[in-house]
There are 2 protein chains.
Amino acid sequence: MSTQQGFERRYQAPEREPIIEVDERLFLKSAARSFYVLEAFARSPRPLSLAEVAKAAKISKSAAQRVVQTLLVLGYLERSPTGTGVVPGRRILDRSFDYLRSNPLIERATPILTELRKTCGERVDLSLFDDVTILYAIRLQSKRETFYATLSGRRMPTFATAGGRAMLAFLDDRHADDIVRRSKLAPLTPKTLVDPVLIRQRIEEARRDGYASVLEESLMGEIVVAAAVVKERNMPVGAIHIAGSLADWSAEDFRKRFAPLAIEAARALSG
Amino acid sequence: MSTQQGFERRYQAPEREPIIEVDERLFLKSAARSFYVLEAFARSPRPLSLAEVAKAAKISKSAAQRVVQTLLVLGYLERSPTGTGVVPGRRILDRSFDYLRSNPLIERATPILTELRKTCGERVDLSLFDDVTILYAIRLQSKRETFYATLSGRRMPTFATAGGRAMLAFLDDRHADDIVRRSKLAPLTPKTLVDPVLIRQRIEEARRDGYASVLEESLMGEIVVAAAVVKERNMPVGAIHIAGSLADWSAEDFRKRFAPLAIEAARALSG
DNA sequence: GCATCGGTATCGATGGTCGATACAACCGTT
DNA sequence: AACGGTTGTATCGACCATCGATACCGATGC
């Protein structure tokens with residue numbers, strides 16, 4: 001259920017690196033409004049009435065009416081089958097298809113992950129680095145998964161995930177600390193580390209070992225090992241996760257067995 | 001409702017059913033422009049320069065500049081890592097996450113498909129009906145899959161897929177024929193049926209058997225059985241596919257073994 | 001050197017969008 | 001049966017956001 005729509009939405013100021021900060025005058029407010037409407041469903045995944053849309057997107061009812069009509073025509077919204085309100089439309093999936101297909105990393109990763117999934121028999125994920133969150137792009141489930149563990153497009157806090165920490169380990173301390181500092185350090189489970197000092201310690205371990213491992217920090221009963229995929233100059237761009245259940249494995253066995261596989265797969269994708 | 005326009009893009013005139021035809025004056029041209037830009041990547045999944053964007057979206061270079069800047073800020077576009085041009089942005093995945101999460105069918109289907117995947121050991125898909133195309137929403141791969149067979153958001157022609165025919169079998173003849181007629185009957189493989197008479201015959205078989213089966217019609221070496229998921233009034237909304245390789249199975253064995261499983265899963269989702 | 005391509009920035013005119021408002025249809029409740 | 005509450009739909013003049021020609025800067029290439 002944790003929608004966690006991650007820490008604070010809304011795009012103001014990429015604020016990372018003061019690169020050029022798009023010119024106000026080139027920003028199309030009316031275009032942005034459409035996306036604000038679509039984003040309303042990140043907070044409430046159910047049919048929204050016109051009034052609710054207007055409120056969520058902070059626009060007038062009239063504006064909402066126009067945006068909704070437009071998005072209905074384009075297929076990015078659909079009338080709710082329940083009769084009232086609108087829901088996200090199928091055409092959105094076309095765009096995510098384009099995204100996945102346009103990203104060379106995804107394409108190269110797919111066969112490697114498939115192979116990895118076969119040898120492991122456990123869930124295998126590819127996540128993408130995105131500042132204070134990571135974004136799951138490919139998810140190959142094993143058996144018995146929760147609904148959200150199957151969805152790509154899910155975001156998780158960088159600081160609390162194996163993949164996130166594996167990626168932070170490739171940043172310099174200043175940058176990594178900055179990300180932790182800007183993260184909302186809310187525990188996802190009773191075991192989530194929220195003390196920046198402890199988190200930093202784990203990051204250093206990851207730096208030393210070449211992989212990160214978290215134990216029940218985002219889901220009770222779950223153990224994950226992950227290794228970062230890096231580009232030139234060792235910039236982390238993604239991570240390969242292998243996730244298993246403590247019902248099947250001891251933490252030590254799991255790490256010993258799967259960490260090398262994650263590292264190898266990540267290395268095959270790097271460079 | 002259904003936004004058809006299968007292969008052919010662009011939304012002019014839903015032209016199907018003269019239902020209310022959204023008021024011209026409520027259609028936000030400037031908002032639509034942003035989506036035209038995003039859709040440019042459906043045709044060419046690679047970085048596009050400003051000029052290319054302008055051309056693809058049929059807007060001026062200035063307009064392209066503004067749209068691109070805006071979408072960059074919002075995260076729906078990203079600068080290409082190769083230095084020049086833009087590519088679809090990660091934020092798109094957030095929206096597809098919202099879509100999947102908002103759709104009750106997807107949520108209900110997930111555990112059923114997971115279970116089905118486990119008992120079958122073959123690839124299992126959930127597709128959604130969308131007029132002349134079907135749209136893959138959930139894909140659980142087995143081993144050795146092609147890249148495109150792993151991507152949700154992929155569209156395939158309704159007439160040539162097992163799921164598509166299973167769904168057509170639940171429409172009345174007029175409607176089914178109409179969909180076939182409006183489809184671009186281009187063969188995907190040497191074995192694709194393109195004769196409307198033969199296609200209709202297969203649809204009738206599906207109606208009789210409660211499932212459809214296609215043999216190498218969309219991918220050589222592949223056999224697929226599928227059963228339709230229907231709503232009230234027996235309207236088809238999706239289909240469950242089970243896909244295997246002819247290297248592992250005879251067509252007959254495959255059908256005998258998996259068709260009942262597809263039917264049962266689809267029935268569990270229907271109603 | 002010149003040509004061509006990439007992205008960026010400027011600015012006044014114009015027309016697309018704004019939003020208050022009214023309307024229609026549906027629900028329960030009293 | 002009129003009510004107050006939804007829902008979605010439709011109208012219209014005023015204004016300001018957007019338009020697009022144009023100029024600019026930097027790389028790259030011959």
Side-chain angles (χ1 to χ4, degrees), chain A residues 14 17-38 40-41 44 46-74 76-89, chain B residues 1 11-12 14 17-37 40-41 44 46-74 76-89:
Chain A
E17 336 199 0
I19 293 183
I20 217 152
E21 273 311 321
V22 165
D23 191 329
E24 286 271 325
R25 286 168 298 185
L26 291 179
F27 187 83
L28 298 178
K29 305 193 202 354
S30 61
R33 258 189 284 270
S34 307
F35 292 95
Y36 297 155
V37 168
L38 290 180
F41 296 93
S44 42
R46 17 159 278 264
L48 296 183
S49 74
L50 213 46
E52 290 173 314
V53 165
K55 188 178 169 198
K58 295 175 185 166
I59 57 182
S60 71
K61 189 187 171 191
S62 300
Q65 177 189 10
R66 285 187 290 268
V67 171
V68 165
Q69 289 288 4
T70 304
L71 293 181
L72 282 172
V73 172
L74 298 181
Y76 294 99
L77 286 180
E78 296 175 12
R79 291 189 193 286
S80 165
T82 69
T84 183
V86 294
V87 295
Chain B
M1 323 219 187
Y11 323 93
Q12 79 257 50
E17 334 197 3
I19 294 183
I20 219 156
E21 272 311 320
V22 165
D23 192 327
E24 286 271 325
R25 286 166 299 182
L26 291 179
F27 187 83
L28 299 179
K29 304 190 189 29
S30 61
R33 257 188 287 268
S34 307
F35 292 94
Y36 298 156
V37 168
F41 295 93
S44 41
R46 13 160 282 263
L48 297 182
S49 74
L50 256 190
E52 290 173 313
V53 165
K55 188 177 168 200
K58 295 175 184 167
I59 57 182
S60 71
K61 189 187 172 190
S62 301
Q65 178 189 9
R66 285 188 290 268
V67 172
V68 165
Q69 290 286 7
T70 304
L71 294 181
L72 282 172
V73 172
L74 298 182
Y76 294 98
L77 286 179
E78 295 175 12
R79 291 188 194 287
S80 166
T82 70
T84 183
V86 294
V87 295

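Below, chain A is the first sequence line, B the second, and so on; all start at residue 1.
Across A:Thr84, A:Val68, A:Leu72, a single residue satisfies side-chain contact (heavy atoms from CB on, under 4.5 Å) together with A:Arg79, and that is A:Leu72.
Going from atom CG of A:Leu26 over to atom P of C:dC11 covers 13 Å, rounded to whole Å. Taking atom CD on B:Glu52 and atom C1' on C:dC5, their separation rounds to 11 Å, with Å as the unit. In this entry the distance linking CG of A:Leu48 with P of D:dT6 reads 16 Å, nearest Å. For the pair B:Lys55 NZ and C:dC5 P, the interatomic distance rounds to 12 Å; values are reported in whole Å. We find that NZ of B:Lys58 is positioned 15 Å from P of D:dG20, with the value rounded to whole Å. Between A:Leu72 atom CG and D:dT9 atom C1' the separation is 13 Å, expressed in whole Å. Atom-to-atom, NZ of B:Lys61 to C1' of C:dA9 comes out at 11 Å; the value is rounded to the nearest Å. In this structure, B:Gln69 atom CD and C:dG7 atom C1' are separated by 9 Å, rounded to whole Å.
In this structure, CZ on B:Arg66 lies 13.5 Å from CZ on A:Phe27, to the nearest 0.5 angstrom. Here the CD atom belonging to A:Gln65 is positioned 10.0 Å from the OG1 atom belonging to A:Thr70, to the nearest 0.5 angstrom. Rounded to the nearest 0.5 angstrom, B:Ile59 CD1 and B:Lys29 NZ are separated by 14.5 Å. Atom CD of B:Gln69 is separated from atom CG of B:Leu50 by 8.0 Å, given to the nearest 0.5 angstrom. Here B:Arg33 contributes atom CZ and B:Ser60 contributes atom OG; the two are 8.0 Å apart, rounded to the nearest 0.5 Å.
Side chains of B:Tyr76 and B:Ser34 form no contact here, defined as non-hydrogen atoms less than 4.5 Å apart.
If you find the closest nucleotide of DNA chain D to A:Ser62 and to B:Ser60, the one lying nearer the 5' end belongs to A:Ser62. Closest-nucleotide positions on DNA chain D for B:Ala63 and A:Leu50 were compared, and the one nearer the 5' end corresponds to A:Leu50.
Scanning atom types as modelled, no donor and acceptor separated by under 3.5 angstrom connect the side chain of B:Arg79 and the base of C:dG7. A donor and an acceptor atom never sit less than 3.5 Å apart when one is taken from the side chain of A:Ser30 and the other from the base of D:dA17. A donor and an acceptor atom never sit less than 3.5 Å apart when one is taken from the side chain of A:Arg66 and the other from the base of C:dG16.
Regarding contacts with the backbone of C:dC18, a side-chain N or O of A:Arg33 is found under 4.0 angstrom from either OP1 or OP2. Remark: A:Gln65 is not in phosphate contact with D:dG8, judged by side-chain N or O atoms under 4.0 Å from OP1 or OP2.
Stretches of at least 3 consecutive Watson-Crick or G-U wobble pairs, with each checked distance under 3.5 Å, appear in DNA chain D as C:1-23 with D:8-30, C:25-27 with D:4-6.
Across all strands, B:Gly83 comes closer than 4.0 Å to no nucleic acid atom at all (heavy-atom distances).
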